[in-house]
Protein chains: 2
Amino acid sequence: MAYEDIMARAPGQNILEIVRQALPNLRKSERKVANRVLEDPDRILNAALAEAAALSEVSEPTVIRFCVAIGCTGFQEFKLRLARSLALGTTATHSVLTKEDTTAELVEKIFGYTMTSLDWARSHLDTEALGRAIALLSEARSIEFFGLGASGIVALDAQQKFPLFGVPCGAQSDTHQQLMTASMMQAGDVAVIFSNTGHTIAMIEVAEVARNGGAKVIGVSGASAPLLDHCDVAILVETLDNTDIYTPTISRIAALVVVDILCSAVGLRRDAEHGHRFENMKQLLRNQRIYGPKKPV
Amino acid sequence: MAYEDIMARAPGQNILEIVRQALPNLRKSERKVANRVLEDPDRILNAALAEAAALSEVSEPTVIRFCVAIGCTGFQEFKLRLARSLALGTTATHSVLTKEDTTAELVEKIFGYTMTSLDWARSHLDTEALGRAIALLSEARSIEFFGLGASGIVALDAQQKFPLFGVPCGAQSDTHQQLMTASMMQAGDVAVIFSNTGHTIAMIEVAEVARNGGAKVIGVSGASAPLLDHCDVAILVETLDNTDIYTPTISRIAALVVVDILCSAVGLRRDAEHGHRFENMKQLLRNQRIYGPKKPV
DNA sequence: ATTATTTGGTAGTAATACTACATAAAATAG
DNA sequence: CTATTTTATGTAGTATTACTACCAAATAAT
């Protein structure tokens, strides 16, 4: 049932980004509308067609033409899509941090940008590849996670979340030990390699070594890069490539969400197979928790 | 009727959550509308007033009355707010994972839930406390991050992102070493303690020890818990407390975003003071990157 | 320079959301 | 248990609103 829903929501990309990109291709009075929209989206959102036209200093039909020009069927649909986009926070263009920003503004911008990027990652995720990764992990005899730097943290996190029903898994953060571990892997084992850039040589070597031993390799990267050529399953986690400033931050969080998905999916799958679903899930969750006395007060 | 109460509790919040909460206080034909909305929000969103009324099997004014009952000024505003909420993904109630879910559905649900939770965290964040934390960190001579388990990963991440203009910072994941490090801290130093539950004794001890030495302590927790009483600045990162299933996952990500905010803010601040803004920022970012040859192909 | 073609505005139309009123149902009092 | 008030729902009407067909101006091409 829900497939259409998903598809309906997914390709409906951030309208503000679309407007910004379409800007040069618009005729000049339509551009007036576009600029007005980018300037103060909230204002347009709460305005009727007539008001929007007045604000942009054009006629009402021009506003409508603008709407169809950027791919909407009319003003109403445009407003709805605008509302959706605004929920995620202001656009990338607006979220440049300045030293004059108040704390509240920083919160708004960074949260907004994070959410927009997650939305982007979601709609660009290759579910088919993800499905193959889940299948591999579900059958794995042991799992090893690899990553360096920020990606190393993702690997660590994965290792913490994957105490899957007794399947041993580990995560090495040392280049040397990574190679050693990889060289010990064999058929039935699965290596998951995180690399934001996808260019890190050490990680490519790990992939090679693991595969030579007969293990399957899943690569998670933020860009279509060399690493993925050396993997059995390539998962591309695209984030807004807009600014250098945010990229590392965002890619890390998007990768963590992907880990969540993999973990949940594999959990559900293994569960379904073994039958003792709830107990196992609870167990899995208990392992994720930090323990302490309920109320030491 | 208690619309005000509802609005007071969740100001400008996810409409679907509001509708769900208001359900019992509605009159029965309004409830028909509410149920229809919760059942298939997308359908209502793309419908006109007349169609929405027909779908709910009530008259048009009843639909409008429903809208004002939940705090909107009319049907139009309701639709806009619904669009906003839908952008974040389906409601919490709808995102229970089942083993029948396709990969695409899992992606949709987990991303949606993550985004909704981030939205929640954002709107419940105490910016004033955050501001005080930023002030402390900006003046710090050295910074230490503490955390165990999932929160330990957050601490590690913070330590990786905070190579602040030469201010030394560290992160210990071993309880023993944590106490040792804490006991060495003194006036001018700042300890940042992450604890999702806020009940972990080890972390409370760290806070005590660090403070006794004269250091300032910033606590980041997912709940208003004992730990925060032992801190100079308490940052509460609220996430949707809905299900046990997602909690650890979400709180971790929300905490990472908070780290991003702290890091960026302190960076901007230190920068402004020292004047060589861009160079430093770039340097800071370079340190976050994973290095490798640009294109080994 | 004159004709096409593109771009912008005017006026009209159909639909939409909202309001005032009236009736039906429920609750309370006599 | 009826009578009366109060509450809840639907009907009919109105004012807006979005959209369309048409025309005029500007621009580009021949």
Side-chain angles (χ1 to χ4, degrees), chain A residues 12 15 18-19 22-38 40-86, chain B residues 1-6 15 18-19 22-37 40-86:
Chain A
I15 269 276
I18 293 175
V19 171
L23 210 56
N25 307 336
L26 295 174
R27 6 202 190 215
K28 67 168 177 280
S29 57
E30 283 171 7
R31 210 172 305 150
K32 282 206 257 178
V33 183
N35 283 323
R36 195 76 220 186
V37 169
L38 292 172
D40 193 355
D42 284 284
R43 190 83 176 74
I44 299 292
L45 192 67
N46 295 48
L49 179 60
E51 198 180 346
L55 283 168
S56 316
E57 294 172 323
V58 295
S59 69
E60 301 181 15
T62 302
V63 176
I64 299 206
R65 276 192 282 265
F66 159 78
C67 294
V68 300
I70 57 166
C72 297
T73 62
F75 186 62
Q76 306 233 58
E77 192 193 310
F78 170 73
K79 271 176 57 168
L80 287 176
R81 292 186 61 182
L82 185 62
R84 285 193 172 190
S85 304
L86 283 174
Chain B
M1 270 130 269
Y3 337 125
E4 295 87 16
D5 302 342
I6 295 163
I15 269 275
I18 293 175
V19 170
L23 211 55
N25 307 337
L26 295 174
R27 358 195 197 230
K28 66 169 180 282
S29 55
E30 285 170 7
R31 211 171 306 151
K32 282 205 254 179
V33 183
N35 283 322
R36 195 75 221 188
V37 169
D40 193 354
D42 284 285
R43 189 86 176 73
I44 299 292
L45 192 66
N46 296 49
L49 179 59
E51 198 180 346
L55 283 167
S56 316
E57 293 172 322
V58 295
S59 68
E60 300 180 14
T62 301
V63 176
I64 297 204
R65 275 191 284 263
F66 158 79
C67 294
V68 300
I70 58 168
C72 298
T73 61
F75 187 62
Q76 307 233 57
E77 191 193 310
F78 170 74
K79 271 177 54 169
L80 288 177
R81 292 188 60 184
L82 186 62
R84 275 187 130 105
S85 305
L86 247 46

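Values below: all heavy atoms of this structure, side chains included; hydrogens, waters and symmetry mates excluded. Below, chain A is the first sequence line, B the second, and so on; all start at residue 1. Since this is a predicted model, take the numbers as computed values, not measurements.
Looking only at side-chain heavy atoms (C-beta outward), B:Val68 and B:Phe78 stay at 4.5 Å or farther from each other. A:Arg27 places a side-chain heavy atom less than 4.5 Å from the side chain of A:Arg65. Within the 4.5 Å cutoff, the side chain of B:Ile15 has heavy atoms near those of the B:Cys72 side chain. Counting heavy atoms from C-beta on, the side chains of B:Arg31 and B:Leu23 come closer than 4.5 Å.
Between B:Val58 and B:Ser29, the shortest heavy-atom distance links the atoms CG1-O, 3.6 Å. Here the closest non-hydrogen pair linking A:Val63 and A:Ala52 is CG2-C, 4.4 Å.
In this structure, CG of A:Leu80 is placed 13 Å from C1' of D:dA18, rounded to the nearest angstrom.
In the helix from C:dA1-D:dT30 to C:dG30-D:dC1, the terminal helix axes, each the rotation mapping four pairs' C1' atoms onto the next four within five end pairs, subtend 10°, rounded to 10°.
Under a 4.0 Å N-O distance rule, the pair B:Lys79/B:Asp42 does not qualify as a salt bridge.
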Expected list for residues 43-51 of chain A: side-chain donor-acceptor pairs under 3.5 angstrom, two or more places apart:
residue : atom : partner : partner atom : Å
A:Arg43 : NH1  : A:Glu51 : OE2          : 2.9

What string of B, S and - do you get for nucleotides 8-24 of chain C 5' to 3' if you count protein non-hydrogen atoms under 4.0 Å? BBB-----SBBB-----
